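Everything on this sheet refers to the single structure shown next.
Hydrogens, waters and symmetry mates are skipped; everything else that's a heavy atom, side chains included, is used. Treat the numbers as computed from the prediction; the structure is a model and nothing was measured.
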Amino acid sequence: SPFELAPRKTQSLSALRRRAITRRDLARYLRQLATLLSANVGVLETLATLEQSAAHPLLAERTAAVKRDLRSGRRFSTAIESHLPELPPY
């Protein structure tokens, strides 16, 4: 046969962490955030879901940090600004 199947090379977790967060990663993350919040899912539950499903490990880590900040009493906007500096300020 002219085609050959070969195992796909996967990146290690540490290699994924080193990869920069792309605009596509951020767009997907924000779309999921908006969808869950518009469905009346609580903020902490939304962040827990995003932390588990984030395609980029660095986004998962930052989501966990935002969640910790909220639990300690920080405002959502302050936590987002602190841990997701790629987003424009509002």
Side-chain angles (χ1 to χ4, degrees):
S1 136
F3 297 101
E4 183 178 320
L5 295 177
R8 182 177 176 185
K9 293 181 183 177
T10 58
Q11 292 181 322
S12 69
L13 191 57
S14 61
L16 282 172
R17 279 194 181 100
R18 286 191 304 267
R19 181 178 65 85
I21 296 171
T22 64
R23 293 176 71 114
R24 180 175 284 179
D25 293 329
L26 276 176
R28 183 180 306 123
Y29 180 85
L30 292 173
R31 188 170 38 254
Q32 290 173 343
L33 176 70
T35 300
L36 290 168
L37 292 176
S38 67
N40 292 322
V41 176
V43 174
L44 289 175
E45 188 177 347
T46 294
L47 292 173
T49 301
L50 289 175
E51 183 181 356
Q52 294 297 319
S53 69
H56 195 290
L58 189 53
L59 278 175
E61 290 173 12
R62 291 180 179 186
T63 301
V66 169
K67 194 169 62 172
R68 277 192 306 274
D69 283 0
L70 290 179
R71 285 191 173 137
S72 70
R74 287 183 81 185
R75 293 173 47 147
F76 183 70
S77 59
T78 305
I80 289 286
E81 285 176 7
S82 296
H83 299 292
L84 292 167
E86 297 86 359
L87 298 178
Y90 291 98

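- How far CD of E86 is from CD1 of I80: 11.0 Å, rounded to the nearest 0.5 Å.
- Taken from OG1 in T63 to CZ in R68, the straight-line distance is 10.5 Å, to the nearest 0.5 Å.
- With contacts defined as side-chain heavy-atom distances shorter than 4.5 Å, the pair R62/P85 qualifies.
- For the residue pair V41 and L37, the shortest heavy atom distance occurs at O-CD2, 3.7 Å.
- With sequence neighbours excluded, the residues satisfying salt bridge (charged side-chain N to carboxylate O under 4.0 Å, His left out) with R74 are D69.
- Contact detail for H56 and A20: the closest heavy-atom pair is NE2-O, 3.7 Å.
- Taken from CG in L44 to CZ in F76, the straight-line distance is 10.0 Å, to the nearest 0.5 Å.
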What verdict does the side-chain contact (heavy atoms from CB on, under 4.5 Å) test give for L58 and D25, after you've listed the backbone C-alpha separation in whole Å, the side-chain angles of each residue and the deciding distance to 0.1 Å? CA-CA 10 Å; L58 189 53; D25 293 329; over 6 Å; no
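- Considering only heavy atoms from C-beta on, L59 comes within 4.5 Å of L84 through its side chain.
- Considering CG of L26 and CZ of R31, their distance stands at 11.0 Å, rounded to 0.5 Å.
- Contact record, R75 with L70: C-CD2, 3.9 Å, taken as the closest heavy-atom pair.
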